[in-house]
Amino acid sequence: MTVTEQLQEFRHYRNAYFLAVSAAMGSVFYGYDIGIIGGVITLPSFKAYFGINEMSDSAKAALSGNIVAILQGGCFFGALGTGYFSNRWGRKPCMIAAGLIYIIGSVIQAVVGLGTSRASALSVLYFGRFFAGLGVGMVSALVPAYVSECTPRAIRGRCTGMVQMANNVGIMLSYWVNYSASLNIPGTTDRQWRMPFAVQVFPGVLFCLLVPFQPESPRYLVEQNREDAAARSLAFVARTSPTDKAVLATIEEIKADFAGRGQLGVWKQVTRMFETRAIALRCLIPSLVMFGQQWTGTNAINYFSPQIFASLGISGTTAGLLATGVYGVVKVVSISIVLFFAVESWGRKKCLIIGGLGQGFMMLWLGGYTGIHPSSAVVPASYVSIVAVYLYAVFYCVGWGPLPWVVAGEVAPNHLRGGAMAVAVGVNWLFSFTISKLTPIMLNNIKYGTFLLFGFCCLIMAVWAYACLPETTGYALEDIGLLFEEDVVLRAVGDAPGGKWLLGGRRAKEIRRRAVGGGGEDGKRVSGDVESGKDRDDEKGSVDGSEVAPI
């Protein structure tokens, strides 16, 4: 697709893009909150205020891990609670509530120690980060599912990927705010570390202002027997009429997908996840990709990049924060290019494979370099290693940054998406907590082994994506389940680069799509996604003009 065609598509789907941007503002504060703390704990004023300078190296590492990890604890519990609340009251009210919780937690972090003793300030900081984490965890589980359920399939990957792009924007902003605080505010005043905490309130406020203007998820509305509202929601994102044939066909398909399943409580959702082998796979994959995202080591760099750059020879707090800020810019630029050009044209699978291999090799290089040059003395290879950190960021943005959110949001079954996403994001935060707690200890004790561990994990995840994940690009949400009915590994390998050659003559059975409401003849299905009523052939959709066109 040319740039001109991309721009035309953007104009056509501008409502859907605005919905995705509004929801993704939650990921801006999600990224800001996880990125801010790594720089704050290196600021001289923060160390002096909390007495970190008098601690031993092991105590400093433990405290750094605690301050970072307590947020993940809140995120874990926040994410797990979203399955029940979002199914009970809807996606939008829960997202707004999450934003308000985050704002309150952010304010608490900014004012710790004011009016109280410094001895109690650390406990208040822990509480503020945990409380803000509840909101961050809720948003991280709600937003990918909400965007995936609301946006047309032609741009679903790009829109859901905006969740990770917004996350990277938040991380980048946090890096530069830290750098500004280090450069412009004296280290003798606690304003130096309070200012970064105070700034994180603003993306939360913007999120709470934008979300109320967006429609509720059409899948949720159909589940609540509110078909008219669901039709208006679909029509809004597709910029068409609620009475459009494609809109009505989509409503019928969603109703058919929910038929006999009703509204399920949290426990029933958990038990239904093992109803059949195909459903179990679809509910397991979101947790697997979230697990894999954490074990690529990305948050080890997000949280502790100043220390990592220092180990590569970039000395001084301000210089380390500047290098970290550049790292954030590289990630935002990279993911923007990937979302615009690659996520829909290359597909989910190829992006995950390329990203995993690239991240793995960069981590292995860093491990080898750190093992051979344990001191922070600058040698020519130091510059190559710094470039390797930035290339790691590029490969992360190609694959295991945005794509786990895309895959998790679209693979989970409609009637179990809330529960499956809650569990998946809970897994994400559980291992984010684990890694943020262990990383400073590993960097202090096993040093280069930290990078080797993450490097091998990246390669393992690339192999898993190659052999076990079918390509989902271009399929309607209601059709993705057909990919997991049988021959899953054959289909996954066949979809991978060079896979047909590896399989020889073996092939997975072709998928015959179901008809919904009699809309298609000879077993052809009526598409579950909406465009504007125009017929359009699609390589995974329309066969002839007899069908209602997919997006």
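No donor-acceptor distance shorter than 3.5 angstrom exists from the side chain of Lys331 to the backbone of Val394, with no hydrogens or angles considered. Judged by distance alone, with hydrogens and angles left aside, the side-chain atoms of Ser148 form no donor-acceptor pair with the main-chain N or O of Ala145 at under 3.5 Å. Looking at Lys349, its side chain does come within 3.5 Å of a backbone N or O of Leu469 through a donor-acceptor pair.
A heavy-atom distance below 4.5 Å is not found between the side chains of Tyr175 and Val326. At a threshold of 4.5 Å between non-hydrogen side-chain atoms, the residues Asp228 and Pro242 do not count as touching.
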Donor-acceptor pairs under 3.5 Å, side chain of residues 417-428 to any protein atom, not counting sequence neighbours: which ones?
from	atom 1	to	atom 2	distance (Å)
Arg417	NE	Gly409	O	2.8
Arg417	NH1	Glu149	OE2	3.2
Arg417	NH1	Asn414	OD1	2.7
Arg417	NH2	Ala412	O	2.9
Arg417	NH2	Asn414	OD1	3.1
Asn428	OD1	Gln294	NE2	3.2
Asn428	ND2	Gln293	OE1	2.9

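With sequence neighbours excluded, no residue forms a salt bridge (Lys or Arg N to Asp or Glu O under 4.0 Å) with Arg232. With sequence neighbours excluded, no residue forms a ring-ring contact (aromatic ring centres under 6.0 Å, His included) with Tyr32. Listed by chain and number, the residues in a side chain to side chain donor-acceptor pair (under 3.5 Å) with Tyr392 are Gln359 (sequence neighbours excluded). With sequence neighbours excluded, the residues satisfying ring-ring contact (aromatic ring centres under 6.0 Å, His included) with Phe127 are Phe131. Under the rule for a salt bridge (Lys or Arg N to Asp or Glu O under 4.0 Å), the partners of Arg348 that lie at least two apart in sequence or sit in another chain are Glu344, Glu410.
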**Request:** Starting from the C-alpha separation in whole Å, work towards a yes-or-no answer on side-chain hydrogen bond (donor to acceptor under 3.5 Å, both in side chains) for Trp400 and Thr298.
**Result:** CA-CA 9 Å; Trp400 288 91; Thr298 179; over 6 Å; no
**Request:** List the steps, then state whether side-chain hydrogen bond (donor to acceptor under 3.5 Å, both in side chains) holds for Tyr13 with Arg239.
**Result:** CA-CA 7 Å; Tyr13 291 122; Arg239 297 181 58 244; over 6 Å; no
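Around the NZ atom of Lys350, the shell of radius 6.0 Å holds no more than 12 heavy atoms that belong to other residues, nucleotides or ligands. With a 6.0 Å radius and a threshold of 12 heavy atoms from other residues, nucleotides or ligands, Trp346 has its CH2 atom at or below the threshold.
Shortest non-hydrogen contact noted between Ala20 and Val147 is CB-CG1, 4.2 Å. The two residues Val488 and Pro470 make their nearest non-hydrogen contact at CG1-CG, 4.0 Å.
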